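Below: the structure, in structure tokens.
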Amino acid sequence: QVQVVESGGGLVQAGGSLRLSCAASGTFYSIYDMAWHRQAPGRQRELVASITSYDSTDYEDSVKGRFSISRDNAKNTVYLQMNSLKPEDTAVYYCEIEVEHKKWDNRIYHYWGQGTQVTVSS
């Protein structure tokens, strides 16, 4: 079993910053890609940012230049630094972590956090 816990959400004014953290714990062999998704009311869940095990990153167009994803492999943790926040960034942010449970298994399992609320006021 793998537990994924997010933290760092909150209420900020437009133009402010937040840093989200997501830590994985439990039994697994290795972690592959990590990502942050978000879901606003009435909207589909969308991929915000992702980072591979080799630190290659990708961002949704609307957050490029404002958000930065990073990881600390020693802590099994992924971060999302969010700057210049806008009201349209308001959403529940979810962490996704890909893990391999057994060496040489070649099967990737996806685990999700419960989400952390980010609210940006105008």
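Bear in mind that the values here come from a model prediction, so they are computed numbers and not experimental data.
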Atom pair [atom1] ([X]) and [atom2] ([Y]), whose distance is rounded to the nearest 0.5 Å:
{"X": "Tyr79", "Y": "Leu20", "atom1": "OH", "atom2": "CG", "result": "12.0 Å"}
{"X": "Thr77", "Y": "Ile31", "atom1": "OG1", "atom2": "CD1", "result": "8.0 Å"}
{"X": "Arg71", "Y": "Cys22", "atom1": "CZ", "atom2": "SG", "result": "11.0 Å"}
{"X": "Ser50", "Y": "Asp33", "atom1": "OG", "atom2": "CG", "result": "6.5 Å"}
{"X": "Lys103", "Y": "Ser30", "atom1": "NZ", "atom2": "OG", "result": "10.0 Å"}
{"X": "Ile97", "Y": "Gln3", "atom1": "CD1", "atom2": "CD", "result": "11.0 Å"}

Strictly by ring-ring contact (aromatic ring centres under 6.0 Å, His included), give each pair with a member in residues 81-118 just once, sequence neighbours left out.
His37-Trp112, His101-Tyr109, His101-Tyr111
Would you indicate whether the side-chain heavy atoms of [Y] and [X] approach each other to under 4.5 Å?
{"X": "Tyr29", "Y": "Lys102", "value": "no"}
{"X": "Arg38", "Y": "Glu60", "value": "yes"}
{"X": "Ile108", "Y": "Tyr32", "value": "yes"}

Closest heavy-atom contact between [X] and [Y]?
{"X": "Pro87", "Y": "Ser122", "answer": "CG-CB, 3.9 Å"}
{"X": "Tyr59", "Y": "Ser68", "answer": "OH-CA, 3.3 Å"}
{"X": "Trp36", "Y": "Leu47", "answer": "O-CD1, 3.6 Å"}
{"X": "Asn83", "Y": "Ser17", "answer": "OD1-OG, 2.9 Å"}

Return yes if some donor-acceptor pair links the side-chain N/O of [X] with the main-chain N/O of [Y] below 3.5 Å, else return no.
{"X": "Arg66", "Y": "Ser84", "value": "yes"}
{"X": "Glu100", "Y": "Asn106", "value": "yes"}
{"X": "Gln13", "Y": "Ser121", "value": "no"}
{"X": "Glu6", "Y": "Cys95", "value": "yes"}

Please say yes or no: joined through hydrophobic side-chain contacts below 4.5 Å, possibly via intermediate residues, are Val2 and Met34 part of one cluster?
yes
Shared hydrophobic cluster, Leu80 / Val12 (ILVMFWY, side-chain heavy atoms < 4.5 Å)
yes
Above 12 or not: heavy atoms from other molecules or residues under 6.0 Å from CD of Gln114?
no
Asp61 and Lys64 ion-paired at < 4.0 Å
yes
Distance only, no hydrogens: is a donor on one side chain within 3.5 Å (strictly under) of an acceptor on the other, for Thr90 and Glu88?
no
Strictly by salt bridge (Lys or Arg N to Asp or Glu O under 4.0 Å), give each pair with a member in residues 105-118 just once, sequence neighbours left out.
Asp105-Arg107
Going through the checks in order, is the side chain to side chain contact (heavy atoms under 4.5 Å, CB included) test met by Thr27 and Gln1?
CA-CA 6 Å; Thr27 302; Gln1 290 293 110; over 6 Å; no
